[in-house]
Protein chains: 2
Amino acid sequence: MAVDRDQVLRAAASLLMRRSSATMDEVARAAGISRATLNRQFAGRDALVRALEDLGIAECEAAAERASVDEGPAPDAVRRLVRELEPAAGLLAFLYSENQLFEGDEQNEGWARLDARLVALFRRGQEAGEFRIDLSPVWLTEALYGLLVSAAWAVYEGRVAPKDSSSNVTELLLGGALRREK
Amino acid sequence: MAVDRDQVLRAAASLLMRRSSATMDEVARAAGISRATLNRQFAGRDALVRALEDLGIAECEAAAERASVDEGPAPDAVRRLVRELEPAAGLLAFLYSENQLFEGDEQNEGWARLDARLVALFRRGQEAGEFRIDLSPVWLTEALYGLLVSAAWAVYEGRVAPKDSSSNVTELLLGGALRREK
DNA sequence: CTCATATGAGACATTCGTGTCTCATATTGG
DNA sequence: CCAATATGAGACACGAATGTCTCATATGAG
């Protein structure tokens with residue numbers, strides 16, 4: 001009987017990624033519950049979006065944890081990270097377009113923690129001579145987010161195959177589009 | 001006395017990029033006109049967004065024209081294209097997050113034209129042996145959009161310097177993050 | 001079984017954005 | 001100068017989404 005809060009969040013994320021302007025009623029239907037119950041669990045749309053934000057941050061941190069981003073060669077760490085991050089790409093795409101989250105007075109400090117972690121990863125790769133140093137770690141972090149979101153959209157719209165999503169991001173981010181001279 | 005339609009669109013784009021949920025009244029104020037006049041020029045919010053979409057497509061096509069994307073080595077063409085596209089990155093960022101544009105029954109065919117042009121560019125580079133062939137031209141096109149949007153956001157939020165925006169996108173898209181062995 | 005609790009369905013008022021209208025004022029063209 | 005036109009300010013009604021409430025029903029615990 002008890003509503004699975006996590007499942008509701010998943011359904012909401014899945015719908016809001018496609019239509020960020022979806023009604024609370026539509027969200028409720030997508031989650032298989034009534035609008036009343038949805039409002040009982042999340043006091044208003046803001047609370048729902050905040051919960052999705054927390055979920056997104058938690059998933060990203062869990063992915064970073066599973067990928068052991070602080071261990072081994074940085075390029076390999078990036079590959080593992082992207083692979084682990086892929087299931088959360090849809091949710092990330094929604095949060096990415098929800099620019100309202102970043103204009104308020106206080107933004108979730110979880111993003112800062114996550115950013116710091118990724119920035120440290122890229123900096124580590126630079127100091128090890130694995131990454132080029134003319135692209136700042138901050139930019140590489142932003143690019144990682146952007147490519148993940150682009151990949152999620154491309155997959156959703158059927159432009160690229162889901163199975164290629166992860167390698168697409170990784171290969172472009174690390175190797176770029178130019179053909180390598182061996 | 002006549003309102004500069006183009007200037008209104010610029011102001012609207014500048015505001016809506018930051019706050020896609022901005023009110024028509026806010027848009028009007030940002031453009032320095034009254035809500036009544038705004039509604040006289042654009043019959044409703046939909047019409048405004050459509051006009052912004054047309055503007056964005058036109059700017060992208062103009063950029064592709066100026067960059068002569070069909071001439072010379074493909075990597076150089078990409079460099080020129082990104083440089084010419086940069087001023088429109090903010091507008092692109094707004095349209096990118098306006099996923100409502102792509103869910104309706106008919107979407108602006110301008111995007112298809114633009115996509116085809118960029119896909120052709122990347123395919124040309126592949127056939128010339130300049131670009132790697134394990135990343136599809138479609139994905140490279142999507143990645144180009146995504147990186148442009150990421151760069152625009154990063155600049156807006158002060159994370160990267162505006163002067164580096166263009167080279168950031170170009171260098172990452174073409175060369176990737178890995179350090180090149182000479 | 002019985003009771004407490006959670007849910008669904010629906011009604012309700014409120015808020016907010018929107019589109020339209022009017023009228024006064026300012027600007028432009030003849 | 002005068003007329004035509006465009007603009008600004010404000011009022012107005014309409015619609016949509018939201019948050020809250022009630023009540024009937026279903027589920028689970030003891």
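Letters A, B, ... are given to chains in the order of the sequence lines, protein chains preceding strands, and every chain is numbered from 1. Every value quoted in this text rests on a predicted model; they were computed, and no experiment measured them.
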B:L38 atom CG is separated from C:dG17 atom P, nearest whole Å, by 15 Å

Counting only side-chain nitrogens and oxygens, does A:S34 get under 4.0 Å of the OP1 or OP2 atom of C:dT7? no

Next item on the list: Considering only NZ, NE, NH1 and NH2 on the basic side and carboxylate oxygens on the acidic side, decide whether A:R117 and A:E65 come within less than 4.0 Å.
Entry: yes

Among C:dG8, D:dG8, D:dT20, the one nearest any side-chain atom of A:N39 is D:dT20

When rounded to whole Å, the CG to P distance for the pair A:D4 and D:dT27 reads 18 Å

Note: contacts of residues 9-33 of chain A with DNA chain D (heavy atom, under 4.0 Å) are A:T23, A:M24

note: B:L48, atom CG; C:dT18, atom P; distance rounded to Å ~ 10 Å

Judged by nearest nucleotide, the residue sitting upstream toward the 5' end of DNA chain D, B:R35 or A:D46, is B:R35

>> Salt bridge or not between B:R10 and B:D6? Use side-chain N to carboxylate O under 4.0 Å.
In response: yes

Original post:
Does the distance from a Lys or Arg side-chain N to an Asp or Glu carboxylate O, for B:R29 and B:D25, drop under 4.0 Å?
Top reply: yes

A:R45 CZ to D:dT20 P, in whole Å, measures 15 Å

Salt bridge (charged side-chain N to carboxylate O under 4.0 Å, His left out) filter on B:E130, not counting sequence neighbours, yields none

In sequence, state the C-alpha distance, the side-chain angles, and the governing distance for A:R179 and B:F131, and then conclude on side chain to side chain contact (heavy atoms under 4.5 Å, CB included).
-> CA-CA 5 Å; A:R179 189 174 170 208; B:F131 292 157; 5.9 Å; no

Query raised in the report: Reckon B:R40 touches a base, only the sugar-phosphate, or nothing at all at heavy-atom distances under 4.0 Å?
Result: base

Distance-only criterion, 3.5 Å: show the donor-acceptor pairs between side-chain atoms of residues 43-51 of chain A and protein atoms not counting sequence neighbours.
unit_1	atom_1	unit_2	atom_2	d
A:R45	NH1	A:A22	O	3.0
A:R45	NH2	A:S20	O	3.2
A:R45	NH2	A:A22	O	2.9

Computed from five pairs at either end and rounded to 10 degrees, the angle between the axes of the helix from C:dC1-D:dG30 to C:dG30-D:dC1 is 30°

Salt bridge (charged side-chain N to carboxylate O under 4.0 Å, His left out) filter on B:R18, not counting sequence neighbours, yields none

Sorted by chain and number, sequence neighbours left out, salt bridge (charged side-chain N to carboxylate O under 4.0 Å, His left out) with B:R66 holds for B:E84

Run the ring-centre check on A:Y96 versus A:Y145 and record whether the distance is less than 6.0 Å. no

